[in-house]
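Predicted model only: the values in this text are computed from it and were never measured.
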2 protein chains.
Amino acid sequence: MKDVAAAAGVSLGTVSNVLNRPDRVTASTREKVERAMADLGFIRNESARSLRSGRTRALAYVMLDAGNPFFTDVAQGIEHAAESADLSLFLCNSDSREAREATHLGHLEQQRVQGILITPVDPDTPLLDAIAQRGTPLVVVDRIRKGDQFCSVAVDDVLGGRIAVEHLIDRGHRRVAFVGGSLGVGQVADRYEGARLAWAAAGLPSDDLTLVAADSLTVASGRSAGERLAGIPSNRRPTAAVCANDLIALGLLQQATATGLRVPDDLAIVGYDDIEFAAAAAVPLTSVRQPRQELGRAAADLVLDEATNPEHRHQQVVFTPELVARASTLGTHPRVSLAD
Amino acid sequence: MKDVAAAAGVSLGTVSNVLNRPDRVTASTREKVERAMADLGFIRNESARSLRSGRTRALAYVMLDAGNPFFTDVAQGIEHAAESADLSLFLCNSDSREAREATHLGHLEQQRVQGILITPVDPDTPLLDAIAQRGTPLVVVDRIRKGDQFCSVAVDDVLGGRIAVEHLIDRGHRRVAFVGGSLGVGQVADRYEGARLAWAAAGLPSDDLTLVAADSLTVASGRSAGERLAGIPSNRRPTAAVCANDLIALGLLQQATATGLRVPDDLAIVGYDDIEFAAAAAVPLTSVRQPRQELGRAAADLVLDEATNPEHRHQQVVFTPELVARASTLGTHPRVSLAD
DNA sequence: TCGTTCGATTAAAACGTTTCAAAGGAGCGG
DNA sequence: CCGCTCCTTTGAAACGTTTTAATCGAACGA
């Protein structure tokens with residue numbers, strides 16, 4: 001900036017004014033300065049800027065698993081919000097590792113980002129409280145957290161599990177499997193809980209809603225669950241499966257297809273998340289849709305409110321999931337004959 | 001830091017020494033200072049740090065489409081490299097929009113990141129040259145760029161197209177469709193070129209390798225291409241399709257399944273990229289695998305070399321793709337009967 | 001006892017902005 | 001022609017570090 005000032009024959013302060021309050025500067029000088037900036041290829045130094053102003057122009061989202069389209073969609077919602085607020089968005093991936101998450105959080109705090117959005121490995125880690133305490137606006141995404149240390153945005157997973165199972169009951173299923181990861185993950189536990197509630201409400205015997213474990217929420221886990229399911233004699237095998245997420249459902253679908261189980265005739269499948277690949281599966285997947293982009297946007301709005309509004313109050317926003325019924329439970333009626 | 005110094009009863013410089021050259025400080029004072037830091041919840045200010053040092057501890061990757069698993073895998077490779085170099089990674093998503101890309105690049109230059117990795121919307125945009133010229137290390141990922149303004153890392157797409165088609169010829173296919181987006185995208189043009197080369201090399205009539213347009217590299221485009229393909233009378237319909245990427249292939253697979261075309265018996269399908277969902281499809285997809293993580297890591301290594309090694313020379317790294325054959329071309333032999 | 005030497009600590013400058021109070025100048029009315 | 005006012009421009013301080021040269025003190029040898 002000093003060089004620009006010299007080149008334009010004005011003072012440093014004037015250059016700053018051209019940048020920050022162009023209206024305070026005469027058209028002619030502004031022009032001179034702008035030309036000088038162009039000639040010199042001047043690029044504002046953001047470090048100096050934020051050092052001086054005490055605030056960066058950046059937001060950050062620490063995602064749990066960048067390989068899961070669900071989170072990239074959430075990120076996109078955040079990105080839009082950031083874009084309209086003219087902020088950069090720092091995307092970090094913890095890859096479900098607490099250590100990596102901690103490293104990222106450390107860096108972000110040092111960067112003094114305006115706010116941190118995070119889908120934490122463990123929503124109850126004291127790390128989050130510490131950050132909030134120290135003053136960085138923080139919003140937990142896709143997890144609920146009792147207490148009022150910070151905001152959170154989530155989807156009602158109990159309800160999601162419920163509507164998935166209700167749909168299957170409606171379609172006449174009386175033996176259903178819940179295929180889920182470890183119940184240690186809050187999400188999964190809630191969805192299972194919802195499933196059981198729906199089952200009980202319909203007055204069905206609780207033994208007929210079986211729990212099929214899967215050690216992680218991945219396609220591979222879904223495949224292995226599929227193997228176990230296929231191994232059950234057909235007169236006792238569940239006629240439908242509710243999966244803890246779409247990745248599992250996709251794996252299950254693949255395994256079912258490979259072993260000759262017809263979907264949905266032999267096994268109906270309901271996924272969870274409604275990621276794009278759910279609709280794109282060979283047998284399009286019925287799934288519980290979460291408003292992913294809205295989730296992101298709402299979280300970003302909250303964090304910005306906390307960052308700018310002194311009267312901010314922490315709140316827990318809960319969205320409502322929605323069932324999207326497709327062929328994996330409805331059947332493949334349109335078995336059109338080929339035009340030829 | 002001033003507060004820490006006061007609390008510990010030492011000078012500011014000592015605190016800095018504790019942070020940066022702990023060996024120069026007596027154990028007892030170091031301890032005092034560390035306690036003070038803990039008590040006060042001191043967090044280093046990265047802006048000040050990088051202002052003073054003239055360099056940030058961050059790398060950035062501007063990705064073309066965060067929704068495409070291919071790019072998130074590349075990003076993961078970069079992330080690993082960044083992690084080992086103890087740098088933060090700024091992930092940005094241009095979402096294939098030049099304007100957004102430009103905005104991101106602007107921000108990144110202002111942040112003075114150590115290096116920029118990018119999969120650009122248009123590899124020939126002068127923006128990139130300008131950035132390189134101004135001195136920010138820059139590496140183009142997954143695109144080749146003639147000239148030697150900066151490094152690039154890519155995969156040999158002509159070869160990729162070639163091995164895909166060779167595989168189909170080997171399997172006996174004599175009418176093949178190339179389903180691709182606009183040839184304006186360099187990737188697609190190269191893959192098509194490779195396909196034609198293989199076709200010609202086998203001495204097959206060029207009319208029997210048909211080009212099926214798709215306006216974008218998405219699942220939806222694949223579906224619509226599938227409709228067009230299914231509309232062709234079976235005696236003239238291609239018996240196999242090579243797709244410009246896996247998303248298209250997945251859409252095609254879905255549409256084929258919906259209209260009753262059996263894969264691979266009626267239509268064999270080869271994808272491109274070998275994203276995780278290709279293997280996870282109901283009929284696992286044969287695909288041309290690109291070394292995604294390696295791509296990212298190599299790019300990161302190059303950018304770091306440029307940032308730190310004064311003798312750095314720009315180079316264009318080209319990886320070799322590899323065919324992964326699966327059921328979508330090999331057939332679904334394992335149609336196991338059910339244990340029941 | 002007095003210099004020396006060496007290690008630990010300190011003081012001060014610098015990084016590139018923003019901001020605020022103050023200075024400068026033009027135009028105007030008296 | 002003077003004094004005001006109002007708008008533009010300027011100068012200097014401040015943001016929180018890192019770094020370098022300088023200072024201080026203790027231990028040691030002569």
Taking any heavy-atom pair under 4.0 Å as a contact, classify [X]: base, sugar-phosphate, or nothing.
X: N20(A); value: sugar-phosphate
X: L12(B); value: base
X: R30(B); value: nothing
X: T26(B); value: sugar-phosphate

Both T29(B) and L51(A) contact DNA chain C. Which one's nearest nucleotide lies toward the 5' end?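 Per heavy-atom nearest nucleotide, the more 5' residue is T29(B).
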Between A48(B) and V25(B), which is nearer to the 5' end of DNA chain C once each is assigned its nearest nucleotide?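 Taking each residue's closest nucleotide, the earlier one in sequence belongs to V25(B).
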Sequence neighbours left out, cut at 3.5 Å: what donor-acceptor pairs do the side chains of residues 24-41 of chain A make with other protein atoms?
{"residue": "T29(A)", "atom": "OG1", "partner": "T26(A)", "partner atom": "O", "Å": "2.9"}
{"residue": "R30(A)", "atom": "NH2", "partner": "V25(A)", "partner atom": "O", "Å": "3.4"}

Less than 4.0 angstrom between a side-chain N/O of S16(B) and OP1 or OP2 of dT17(D), yes or no?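 The answer is no; no side-chain N or O of S16(B) sits under 4.0 Å from OP1 or OP2.
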Does dT18(C) have OP1 or OP2 sitting under 4.0 Å from an N or O in the side chain of R44(A)?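 Answer is yes, contact under 4.0 Å.
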Counting only heavy atoms not in D86(B), do more than 12 fall under 6.0 Å of its CG?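 Count not over threshold, so no.
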Suppose we call a contact any N or O donor and acceptor under 3.5 Å apart; does that hold for the side chain of R24(B) and the base of dA8(C)?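 No, no donor-acceptor pair under 3.5 Å.
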Can you say whether a donor on the side chain of R52(A) sits under 3.5 Å from an acceptor on the base of dT18(C), or the other way round?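 Looking at the base of dT18(C), it does pair with a donor or acceptor on the side chain of R52(A) (distance under 3.5 Å).
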For R143(A) and Q187(A), what are the C-alpha separation, side-chain angles and deciding distance, and is it a side-chain hydrogen bond (donor to acceptor under 3.5 Å, both in side chains)? CA-CA 8 Å; R143(A) 301 286 129 131; Q187(A) 317 292 169; 2.4 Å; yes
Interatomic spacing from NE2 in H104(B) to OG in S94(B) - rounded to 0.5 Å: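 Atom-to-atom, H104(B):NE2 and S94(B):OG are 7.0 Å apart.
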Ignoring the backbone of F42(A), work out which of dT17(C), dG11(D), dT10(C) is nearest its side chain.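 Nearest to the side-chain atoms of F42(A), counting from C-beta on, is dT17(C).
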